[in-house]
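Below, all heavy atoms of this structure are taken into account, side chains as well, without hydrogens, waters or symmetry copies.
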Amino acid sequence: MSTRRASVAASLVIAGVLLLVIAFTTWYTVDESEQAIVITFGKAGNPVTDSGLHFKLPWPIQNVEKLSKETFSLQFGYKQDTKGELVSYDKETKMITGDEYIVLADLVVQWKITDPEKYLFNSQDPQEILHDATSSSIRSVIGNSTIDAALTDGKAEIEAKTRELLTTLMTNYDIGISIQGVKLQDVELPNADVRAAFTAVTDARETKSTKINEAEKYKNQRESEAIGERDAIKSRALGQKTARIEQARGDVALFNDLHAEYAKNKTITRQRLIIETLEQVLPQAKIYIMNDNGETLKYLPLQQLESQTPPPVDQKTEGGGN
């Protein structure tokens, strides 16, 4: 009887454990920042991206793997320790440029899990593969770049080429990872003296760019002033042209009127013209009318007579008033 009871008790315990396993392994929850994949006897099903409560067959028939949908950052060449300080790995970042200079280059790669099944089953360590592919890509691009481009204005192109090459490698490896972005953090020389020399070169280029911009600004300002001065001269010339034309038209009209009077009486008009011309040429000259006919008075002093002519007498004064 004791053996039978023991077996019944054991059966009840086993049944209870099975019920607990079934109760706790037939459902799972997916957060908004997560994606899940249900694995049935080692075979992956379709990814579950809807957040909330979901049901499945109990373990060990089905189990669930949850992966994040957020963007991850791969820090190549440096890491941040527990104190928040950056730790550099010079051996990892040391590489040779196309013109055989040694540089230290570190970068950040933004990546996401886009295919959970491939991420879980197509490789043993997909993050390690991503790290090695990043190292291969940046070394290949730096190896085809000059030291000048790597340290100055060629960083954007290096980033673009590295991202393109790394994306191609991830597609070929087919491990469920997509590259979102590549950002160079630092590209520098390992030697302090050489680093200072290249810093001086960079400063000189910036000064050159500043001078070019200032010269271009001065050129544009002078061109604007010259254009304004040119337009003003043209405007004044046009005004003078119009004034000269109108003056010439007035002179022509005056000449035509004078010619008409001259045609009517040539002698009088000719004498009048002579006298007017003399008045203009010799404004202070005195005019005498000569008469050489043998008489005593040979000229008539008109201007003196005009100056000696008494003013007219007011009739009211002369008559004594009314």
Side-chain angles (χ1 to χ4, degrees), residues 35 67-81 85-206 208-209:
Q35 55 186 337
L67 301 172
S68 176
K69 293 191 294 186
E70 297 180 351
T71 300
F72 298 93
S73 294
L74 169 66
Q75 298 172 343
F76 179 82
Y78 71 99
K79 286 185 179 180
Q80 196 169 18
D81 59 14
E85 297 180 356
L86 298 180
V87 180
S88 300
Y89 298 93
D90 290 348
K91 291 183 179 180
E92 185 176 82
T93 60
K94 188 178 294 185
M95 52 198 73
I96 300 177
T97 63
D99 46 0
E100 298 183 352
Y101 283 90
I102 297 177
V103 294
L104 303 177
D106 49 37
L107 67 155
V108 174
V109 177
Q110 304 290 333
W111 61 278
K112 293 180 70 174
I113 301 173
T114 53
D115 193 324
E117 181 181 357
K118 294 178 180 179
Y119 183 82
L120 292 173
F121 296 101
N122 284 14
S123 64
Q124 184 175 358
D125 192 345
Q127 294 190 31
E128 183 67 24
I129 294 176
L130 176 61
H131 181 276
D132 294 341
T134 300
S135 176
S136 174
S137 300
I138 186 62
R139 290 179 185 279
S140 175
V141 174
I142 291 292
N144 290 302
S145 304
T146 63
I147 182 67
D148 195 34
L151 294 178
T152 55
D153 54 359
K155 292 184 178 180
E157 184 178 0
I158 291 174
E159 288 179 357
K161 289 183 177 179
T162 302
R163 177 178 178 176
E164 181 180 357
L165 182 56
L166 184 57
T167 300
T168 301
L169 290 176
M170 290 297 98
T171 301
N172 294 336
Y173 292 153
D174 197 23
I175 57 176
I177 289 177
S178 67
I179 306 300
Q180 305 298 308
V182 173
K183 179 65 177 178
L184 277 174
Q185 298 297 102
D186 289 308
V187 179
E188 58 183 9
L189 294 162
N191 185 278
D193 295 334
V194 180
R195 191 160 54 242
F198 270 90
T199 301
V201 171
T202 304
D203 293 341
R205 288 190 173 180
E206 292 178 354
K208 173 186 174 183
S209 178

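- A heavy-atom distance below 4.5 Å is found between the side chains of Ile113 and Phe72.
- Listed by chain and residue number, Pro126, Ile129, Ile175 satisfy the side chain to side chain contact (heavy atoms under 4.5 Å, CB included) test with Ser123 (two or more places apart in sequence, or in another chain).
- In this structure the side chain of Ile138 never reaches within 4.5 angstrom of the side chain of Asp106, judged on heavy atoms.
- Remark: Asp174 pairs with Lys118 by the side chain to side chain donor-acceptor pair (under 3.5 Å) rule, at least two apart or across chains.
- Under the ring-ring contact (aromatic ring centres under 6.0 Å, His included) criterion, Phe121 pairs with no residue at all, not counting sequence neighbours.
- In plain terms, the two heavy atoms of Ile142 and Ala150 that are nearest each other are CD1-CB, 4.4 Å.
- Classified by interplanar angle (parallel below 30°, tilted 30° to 60°, perpendicular above 60°), the ring pair His131/Phe76 is tilted.
- Using a 4.5 Å cut-off on side-chain heavy atoms (C-beta onward), Leu104 and Leu189 make no contact.
- Sequence neighbours left out, not one pair with a member in residues 153-179 passes ring-ring contact (aromatic ring centres under 6.0 Å, His included).
- Annotation for Ala133 and Met170: closest pair CB-CE, 3.5 Å, computed over non-hydrogen atoms.
- Summarising the geometry of Ala105 relative to Val187, their closest heavy-atom pair is CB-CG2, 4.1 Å, with the distance given to 0.1 Å.
- Ser145 pairs by the side chain to side chain donor-acceptor pair (under 3.5 Å) definition with nothing, not counting sequence neighbours.
- Annotation: salt bridge (Lys or Arg N to Asp or Glu O under 4.0 Å) contacts of Asp132 (sequence neighbours excluded): none.
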Run the side-chain donor-acceptor check on residues 176-185: report pairs under 3.5 Å with partners two or more places apart or on a different chain.
unit_1	atom_1	unit_2	atom_2	d
Ser178	OG	Gln180	NE2	2.9

Does the pair Val108 and Tyr78 meet the rule for a side chain to side chain contact (heavy atoms under 4.5 Å, CB included), with working shown?
-> CA-CA 9 Å; Val108 174; Tyr78 71 99; 3.0 Å; yes
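- Among residues two or more places apart in sequence or in another chain, the side chain to side chain donor-acceptor pair (under 3.5 Å) test is passed with Ser135 by Arg139.
- Among residues two or more places apart in sequence or in another chain, the side chain to side chain contact (heavy atoms under 4.5 Å, CB included) test is passed with Thr171 by Thr167.
- Counting all heavy atoms, side chain and backbone alike, Glu92 lies closest to Gly77 at OE1-N, 2.7 Å.
- Looking at Asp99 and Thr97, their side chains do bring a donor and an acceptor atom within 3.5 Å of each other.
- Here the CD-CG distance, from Glu128 to Leu130, works out to 9.5 Å after rounding to the nearest 0.5 Å.
- Looking at Gln35, its side chain never comes within 3.5 Å of a backbone N or O of Leu67 through a donor-acceptor pair.
- For Glu157, the salt bridge (Lys or Arg N to Asp or Glu O under 4.0 Å) partners are Lys161, not counting sequence neighbours.
- Residues forming a side chain to side chain donor-acceptor pair (under 3.5 Å) with Glu164 (at least two apart in sequence, or on another chain): none.
- Partners of Thr168 under the side chain to side chain contact (heavy atoms under 4.5 Å, CB included) rule, at least two apart in sequence or in another chain, are Asn172.
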